[in-house]
Amino acid sequence: MTDTTSCSVTDAINETTQTIVCVVSSFSYLSLAGPAVITVSACIAFAGYYASKAMARKRATIDLIEKVESTPHYRELQSTFVHHREEGTLQCLNDPKNERDRKDRQDIQDFLNHYELVAIGIQTEILDKDIYVNWMGGPFVRDWNAATDFIQRERWKRDDRSPTGFRYQSKLFEAYQAKALEFD
């Protein structure tokens, strides 16, 4: 503790009377304890917030992977995609000729939409990139490579107002493309 004394002399109207005012102030390091505790508490709270956010992102990613791999609906979509990928017939589905091809085209679109959703989740940091890439990075990129011609054809949509009769929709599977190129 440090004591300091500050005195000032005040002249009164009468020269014979003077008042001396002395103020004794003291400084204590203990007075810094309150702000220090508040600062440390705030840092701990922020660290806890970011740790829980990261844990929630990891949990969401694992839940998504588990759900996708265990639901019959997704497994059916995957089976349709794998069949056409292995047969090399994905691009034939851009202009389906029969009901079976229309259903397969819809299954392929739904399958690819799942990857688009994952890519958006990773871009917005809702999903954890490292966990997803470690588990699904290979299939993610492999399926992108297999579907690029199909996707490119899907991006071109008939538009009678356009001089060419078509309009290019670059946003279709844009996030999936960006992440597949990044993961490759």
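Trp135 and Phe111 end up in the same hydrophobic cluster when Ile, Leu, Val, Met, Phe, Trp and Tyr side chains are linked at under 4.5 Å. No continuous path of hydrophobic side-chain contacts links Leu117 to Leu77 [ILVMFWY only; heavy atoms under 4.5 Å]. Linking Ile, Leu, Val, Met, Phe, Trp and Tyr whenever their side-chain heavy atoms come within less than 4.5 Å puts Leu64 and Val133 in one cluster. Hydrophobic clustering of Ile, Leu, Val, Met, Phe, Trp and Tyr side chains at less than 4.5 Å, counting indirect connections, unites Phe140 with Tyr74.
When all heavy atoms of Asn145 and Thr148 are compared, the pair lying nearest together is O-OG1, 3.2 Å. In this structure, Tyr168 and Gln152 approach most closely via the heavy-atom pair OH-OE1, 3.1 Å. Heavy-atom minimum distance, Gln123 versus Ala178: NE2-CB, 4.1 Å. Minimum heavy-atom separation, Phe150 to Leu90: CD1-O, 3.2 Å. The shortest heavy-atom contact between Ala60 and Ile126 is CB-O, 4.2 Å. Scanning both residues, Val141 and Ala180, for their nearest heavy atoms gives CG2-O, 3.6 Å.
Side chains of Ser170 and Glu174: no donor on one and acceptor on the other come within 3.5 Å.
Remark: Arg142 CZ is packed, more than 12 non-hydrogen atoms of other residues, nucleotides or ligands lying under 6.0 Å away.
Between Leu127 and Tyr132 the shortest side-chain heavy-atom distance does not fall below 4.5 Å. Counting only heavy atoms from C-beta outward, the side chains of Tyr115 and Gln177 never approach each other to under 4.5 Å. The side-chain heavy atoms of Asn134 and Ile131, taken from C-beta on, include no pair separated by under 4.5 Å. For the pair His114 and Val68, the minimum side-chain heavy-atom distance is below 4.5 Å.
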Between Asp104 and Arg100, is the salt bridge (charged side-chain N to carboxylate O under 4.0 Å, His left out) condition met? List the steps.
CA-CA 6 Å; Asp104 285 358; Arg100 177 65 191 167; 3.2 Å; yes
Any chance you could lay out the side chain to side chain contact (heavy atoms under 4.5 Å, CB included) test for Asp101 and Asn98, step after step, and finish with the verdict?
CA-CA 5 Å; Asp101 286 349; Asn98 57 49; 3.4 Å; yes
Evaluate side chain to side chain contact (heavy atoms under 4.5 Å, CB included) for Glu182 paired with Lys179, printing each intermediate quantity in order.
CA-CA 5 Å; Glu182 179 185 328; Lys179 288 301 166 190; 2.8 Å; yes
Might you work through the ring pair (Phe, Tyr, Trp, His ring centres under 6.0 Å) test for Trp144 and Tyr176, ending with a clear yes or no?
CA-CA 8 Å; Trp144 168 259; Tyr176 181 22; 5.1 Å; yes
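From Arg153, atom CZ reaches atom SG of Cys92 across 8.5 Å, with rounding to the nearest 0.5 Å. Rounding to the nearest 0.5 Å gives a distance of 12.5 Å between CD1 of Ile62 and CZ of Arg57. Rounding to the nearest 0.5 Å places NZ of Lys97 at 10.0 Å from CZ of Arg102. Distance check: Leu93 CG to His84 NE2 gives 4.5 Å after rounding to the nearest 0.5 Å. Rounding to the nearest 0.5 angstrom, the gap separating the CG atom in Asp110 from the CZ atom in Arg105 is 11.0 Å.
Side-chain atoms of Arg155 come within 3.5 Å of backbone N or O of Leu172 as a donor-acceptor pair. In this structure, Arg85 contributes its side chain and Asp143 its backbone to no donor-acceptor pair below 3.5 Å. Put simply, the side chain of Arg167 never gets that close to the backbone of Trp156: no donor and acceptor are under 3.5 Å apart. Side-chain N or O atoms of Asn113 include one that pairs as donor or acceptor with a backbone N or O of Gln109 at under 3.5 Å. A donor-acceptor pair under 3.5 Å links the side-chain atoms of Thr61 to the main chain of Asp128, judged by distance alone.
Residues Lys103 and Asp107 are paired through a salt bridge, judged by an N-O separation under 4.0 Å between the basic side chain and the carboxylate.
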